[in-house]
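Take a look at the structure below.
Numbers restart at 1 for each chain; the letters A, B, ... are given by sequence-line order, proteins then strands. Reckoned from all heavy atoms, side chains included, excluding hydrogens, waters and symmetry mates.
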Amino acid sequence: MRKLAAFFTRPNGSALAFMIAGAIWFVFGTSFGLISAIDLVAPDTFQNFAPATFGRIRPGHVNTVIYGFGFMTLTGCGLYYVPATLRTRLWSEPLGWISFVLLTGVVAAGPVCFASGVSQGREYTEYPWVLDIILLAAVFITIVNLVMTILKRCEKELFVSVWYFTGAFMWFFFLYAIGNVIWSPPAGALPGIVDSPILWYYGHNLVGLLLTPLAVGAAYFVIPRVVNAPIYSYALSIVGFWTLVILYTHIGGHHILQAPIPNWLKTISMIHSVGMTLPVFAVLVNVWMTARGRIGRLVADPAGRLVFAGTVWYLITCVQGPLQSLPVIQRVTHFNNWTIGHSHIAVLGFAGFIALGTLWHVLPLACGRRLWSGKLVNVQFALVLFGLTGFFVVLTIAGLIQGESWNNGFTIYRIIPEIIPYMVIRLASGLFIYAGAWLGLYILFRTLFNGEPLGASPEALVMASGATLAGPDGAGGGGERRSDP
Amino acid sequence: MIKMTPAVLLIGAPLVFWAATVIVVIIPIATMDVGPSKIWRPWTPEERAGHKLYVENGCSYCHSRYIRVNDWGLGAERIAEPGDYSQEVPAILGTERTGPDLSQEGGEHTDGWHTAHFTNPRYTRPLSLMPAWAFLGRRNIERLTAYVQAQGGTMADERVARQQLWNIQAAAAHRRGGEDGSIEWLHANIPAVWRPMPNPYPATPPALGRGQKIYQDFCLGCHGPMGDGTGPAAQYLDPPPLNFTTLRRHLVEGRYIGGIFYYQIMNGVTGTAMPYFKRELASEKIWDVSNYVALRFLGYTDADTEPFGIDAAYEPVWANPYKPPVVPGKPGPEETPGKERQWE
Ligand code: HEM
Ligand code: HEM
């Protein structure tokens with residue numbers, strides 16, 4: 001009993017649990033993705049086996065990679081770096097564990113429900129009502145834990161990563177409740193067309209106000225540490241943070257730009273979508289300037305390389321995003337594989353790369369063991385990068401073929417044979433990502449069990465990593481001074 | 001410069017979020033209820049059950065349910081309006097078109113076509129990427145069929161009524177007279193000007209190659225590899241797909257079939273599972289597949305025979321070597337002395 005209690009109160013225990021779960025969900029999520037991709041090449045492969053039909057396996061893929069891989073990995077990292085940068089410990093490890101168990105339960109139960117035909121059907125909000133409530137409880141518990149950690153902190157200043165991490169959870173709680181229309185079970189939807197703006201308010205902010213701040217917060221943590229320099233500009237941090245929530249929250253309408261919704265909603269979404277360049281560049285300039293002159297060091301570090309690549313994917317995503325929010329461009333790019341390309345460079349390229357990089361950076365600190373093999377992390381980087389680049393290229397081409405052909409009056413059925421080659425290459429590229437997922441799991445467990453102990457107790461490491469970040473005048477501030485090693 | 005204190009973070013960040021949420025969520029909820037549109041009608045319990053299946057089985061990941069302004073090239077007859085989705089829960093519009101838009105699907109096909117298609121889409125559409133839904137069971141496929149036949153509201157109802165009206169006749173013709181009865185009924189319903197009309201394009205090997213490809217990609221599942229109407233979809237269809245080989249006995253004036261083929265393939269046969277192909281196949285492709293079907297399954301084509309006009313510029317020099325079939329018990333084709341071609 002006492003042993004059990006000790007296990008659930010060990011520092012960083014819940015953070016580690018989240019990270020391990022994230023790596024496992026990466027494997028599961030990509031397995032479901034592969035099955036979806038096979039369905040789009042040869043739909044009778046699974047011989048009418050219900051759980052593997054496209055309509056039932058796809059939500060399993062999307063929800064598992066987003067909530068399981070992206071969200072849980074980045075949460076695990078945050079549960080480490082938030083207390084660390086505040087020079088304290090997570091207020092309550094047991095609460096961390098409870099939210100871990102609840103979330104894992106939701107992510108695990110989701111695909112089982114979808115496979116057996118239980119789903120709310122609205123994209124990204126497919127989890128049945130009961131799971132919605134459990135997920136909300138997990139998020140709420142984490143908010144309490146975060147707020148208490150902040151209130152009990154030993155470091156006066158809040159480091160910029162803390163803003164993003166805490167903000168993400170506070171926004172996500174309301175966002176999820178509203179987006180899932182949880183007050184109206186079991187459908188979780190409002191009657192009529194008005195449901196669409198709400199669904200896409202959710203859909204976009206799931207990536208915009210959950211994955212984006214989690215990933216940006218993580219990048220803000222890893223990059224200064226790897227290059228050993230304080231954040232470039234406090235002002236840019238502030239601008240990036242506030243413009244993100246002001247602008248992003250409005251742009252869901254760009255998903256239904258061609259649907260019969262009011263024009264003012266479309267206009268708002270377009271203007272704010274273009275405006276999104278502001279928070280994006282504020283963040284990118286800030287982190288890249290932090291690493292200025294030391295990019296070499298950043299990419300020489302296996303974890304730093306992943307995070308840096310993640311910021312580059314962020315740039316590509318967010319140049320593409322505002323463009324495809326414009327009606328002239330959406331005439332061609334909407335309704336086809338172009339968007340699937342965007343989704344993958346966004347969720348895997350930006351959020352996923354940063355999640356992986358932060359995982360490899362934080363894991364040794366949290367478990368007190370050296371990363372088992374930096375070389376293998378570099379192999380994982382190469383595998384995922386190769387696969388994702390393949391995705392982006394072929395899906396974008398396939399999307400352009402579809403969009404242009406439809407605008408020229410070709411029917412959907414006529415264009416199917418034209419895109420099959422691209423669907424085949426997408427499947428092949430997926431195998432590289434899949435291999436990367438397995439490799440990640442391997443590195444993780446080798447580190448946990450065979451990694452060389454770092455010597456210091458986890459608690460000492462917490463303090464140490466917090467100290468590195470705290471600039472002379474507080475965490476995240478004092479851009480002017482850079483302490484060279 | 002704002003300093004980020006816990007109070008600013010924990011109170012300010014949610015406040016900004018809520019301000020935006022009022023604009024993009026609360027105001028739409030308060031103002032967007034426009035009431036039903038002209039074509040809206042409530043769903044029957046059967047259709048509602050179909051909608052549930054549609055939602056739970058992820059049809060919406062591949063199908064949209066609204067026609068856009070720039071879909072005009074696809075022959076859309078109606079752009080979606082907000083009132084079309086009145087009271088629907090959830091009104092999933094879809095963000096991808098791996099398959100076609102379904103908002104006006106009702107009445108495009110007969111119930112039989114949908115049964116075959118849902119059981120396995122490759123039965124009616126050999127290249128389809130849609131999953132087979134046989135595992136849902138017959139009862140659920142009926143529900144899905146009812147649901148898709150209701151897509152388009154009262155506009156769909158009019159089309160469905162037309163399908164049903166003609167289906168009674170087509171099925172009765174088949175019951176009465178078998179394959180010959182079907183053909184007589186089919187041909188009686190083709191405008192007279194289309195009947196004594198040959199295929200204007202030559203049946204050259206490349207043209208037949210194109211025809212074969214089209215046949216395999218579009219027709220195989222119903223009319224079958226031997227053209228005898230025994231493709232895998234046939235078991236679900238009433239009347240069954242036409243057996244082309246029977247057509248040897250029914251050439252117009254003992255020689256013509258091209259015009260009938262063109263008309264039927266372009267327009268489809270409403271009331272039967274035979275779909276229209278005018279949106280999928282350009283005019284020349286329809287003539288090509290007609291030549292292929294005629295030659296392959298009837299052993300004869302009327303391609304490029306009298307009456308003809310001036311050959312198209314691209315046509316190669318080609319003379320039709322095929323003789324109309326001699327059918328026992330029917331007068332053979334009158335010997336019409338072929339007009340000598342100018343260049344021959
Ligand atoms: C500047 C910021 C961005 C803008 C303006 C933007 C814009 C858009 C637009 C217009 C679409 C809809 C495309 C269509 O359906 O035709 C879209 C889809 C999507 N975006 Fe972004 N994007 C941005 C950043 C991001 C980021 C950072 C992520 C992920 C972390 C992301 C993830 C997605 C996903 C997953 C979809 C697919 C939604 C679906 O299922 O249809 N986007 N984006
Ligand atoms: C083995 C690697 C992967 C394969 C083969 C794969 C395949 C697929 C397929 C086939 C779809 C459905 C596309 C469609 O509806 O046409 C999809 C959607 C999606 N995938 Fe993946 N995927 C993989 C990895 C990932 C990863 C690692 C992530 C994120 C971290 C991800 C995020 C998404 C998202 C967000 C969507 C929804 C896109 C949308 O609706 O616009 N995928 N994926």
Side-chain angles (χ1 to χ4, degrees), chain A residues 39-40 43-44 48 50 53-56 58-59 117-119 121-123 147 150-151 158 163 166-167 170-171 174 178 187 189-198 201 235 238 245-246 249-250 252 255-256 258-260 262 265 268 331 335-336 339 406-409 411-414 416-417, chain B residues 1-2 4-6 9-10 13-14 16-18 20-21 23-25 28-29 32-33 55-62 64 66 68-71 73-74 80-82 84-93 95-100 120 122 125 127-132 134-135 217 279-280:
Chain A
D39 280 334
L40 288 183
D44 286 328
N48 212 231
T53 40
F54 185 82
R56 291 189 174 191
R58 185 192 193 274
V118 177
S119 164
R122 298 153 90 238
E123 205 176 352
V147 171
I150 289 176
L151 295 182
L158 305 182
W163 318 344
T166 314
M170 290 189 305
W171 298 321
F174 297 118
I178 300 169
L190 286 181
I193 186 91
V194 71
D195 191 53
S196 265
I198 297 172
Y201 154 83
I238 289 276
V245 53
I246 292 170
T249 318
H250 290 96
H255 292 263
I256 36 175
Q258 300 165 336
L265 263 178
I268 286 185
R331 272 188 87 248
F335 274 149
N336 55 49
T339 310
W406 300 341
N407 279 341
N408 282 304
T411 60
I412 306 266
Y413 185 69
R414 278 305 293 267
I416 290 177
Chain B
M1 168 62 59
I2 318 174
M4 195 65 105
T5 62
L9 175 65
L10 299 178
V16 176
F17 168 83
W18 272 102
T21 299
I23 297 176
V24 294
V25 174
I29 290 179
M32 261 179 74
D33 184 13
V55 169
E56 291 177 342
N57 287 288
C59 310
S60 59
Y61 303 125
C62 291
S64 65
Y66 63 99
R68 315 169 286 176
V69 177
N70 58 317
D71 288 330
L74 298 173
E81 289 174 19
D84 297 356
Y85 309 89
S86 200
Q87 296 173 33
E88 242 175 61
V89 186
I92 301 183
L93 298 183
T95 53
E96 221 188 324
R97 285 189 182 163
T98 305
N120 187 334
R122 262 70 59 202
R125 292 289 214 175
L127 297 180
S128 181
L129 288 179
M130 174 155 144
F135 69 82
D217 290 356
R279 287 181 190 162
E280 326 251 32

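Contact between A/Leu158 and B/Thr5 at its shortest, heavy atoms only, is CD1-C, 3.9 Å. Across all their heavy atoms, B/Val24 and A/Tyr201 have their closest contact at CG2-CD1, 3.7 Å.
With A/Trp406 contributing its side chain and B/Arg97 its backbone, the two residues share no donor-acceptor pair below 3.5 Å. Side-chain N or O atoms of A/Asn48 include one that pairs as donor or acceptor with a backbone N or O of B/Phe135 at under 3.5 Å.
Legend: residues meeting ring-ring contact (aromatic ring centres under 6.0 Å, His included) with A/His255, ordered by chain and number and at least two apart, are A/Trp200, A/His204. In this structure, B/Asp33 has no salt bridge (charged side-chain N to carboxylate O under 4.0 Å, His left out) partners at least two apart in sequence or on a different chain.
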Inset, instruction - Evaluate side chain to side chain donor-acceptor pair (under 3.5 Å) for A/Ser196 paired with B/Tyr85, printing each intermediate quantity in order. - result: CA-CA 11 Å; A/Ser196 265; B/Tyr85 309 89; over 6 Å; no

Inset, instruction - Decide yes or no on side chain to side chain donor-acceptor pair (under 3.5 Å) for B/Glu280 and A/Thr411, but give the supporting numbers first. - result: CA-CA 6 Å; B/Glu280 326 251 32; A/Thr411 60; 2.6 Å; yes

Inset, instruction - Verify side chain to side chain donor-acceptor pair (under 3.5 Å) between A/Arg56 and B/Asn57, making sure each step is shown before the conclusion. - result: CA-CA 6 Å; A/Arg56 291 189 174 191; B/Asn57 287 288; 2.7 Å; yes

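Only the side chain of B/Arg122 has a heavy atom closer than 4.5 Å to any heavy atom of chain A. Residue B/Asp84 does not touch chain A at all, counting heavy-atom pairs closer than 4.5 Å. At a 4.5 Å heavy-atom cutoff, the contact between B/Ser60 and chain A is made by side-chain atoms alone. The parts of B/Leu9 that come within reach of chain A are both its backbone and its side chain, each placing non-hydrogen atoms under 4.5 angstrom from that chain. Both the backbone and the side chain of A/Leu190 come within contact range of chain B, each with at least one heavy atom under 4.5 Å from a heavy atom of that chain.
Interface summary for chain A: among B/Cys62, B/Ser128, B/Pro131, B/Pro28, the most heavy-atom pairs under 4.5 angstrom belong to B/Pro28. Heavy-atom pairs under 4.5 Å with chain A were tallied for B/Pro90, B/Ala91, B/Ser86; the largest tally goes to B/Pro90.
Between A/Phe174 and B/Trp18, the ring-plane angle classifies as perpendicular under the 30° and 60° cut-offs.
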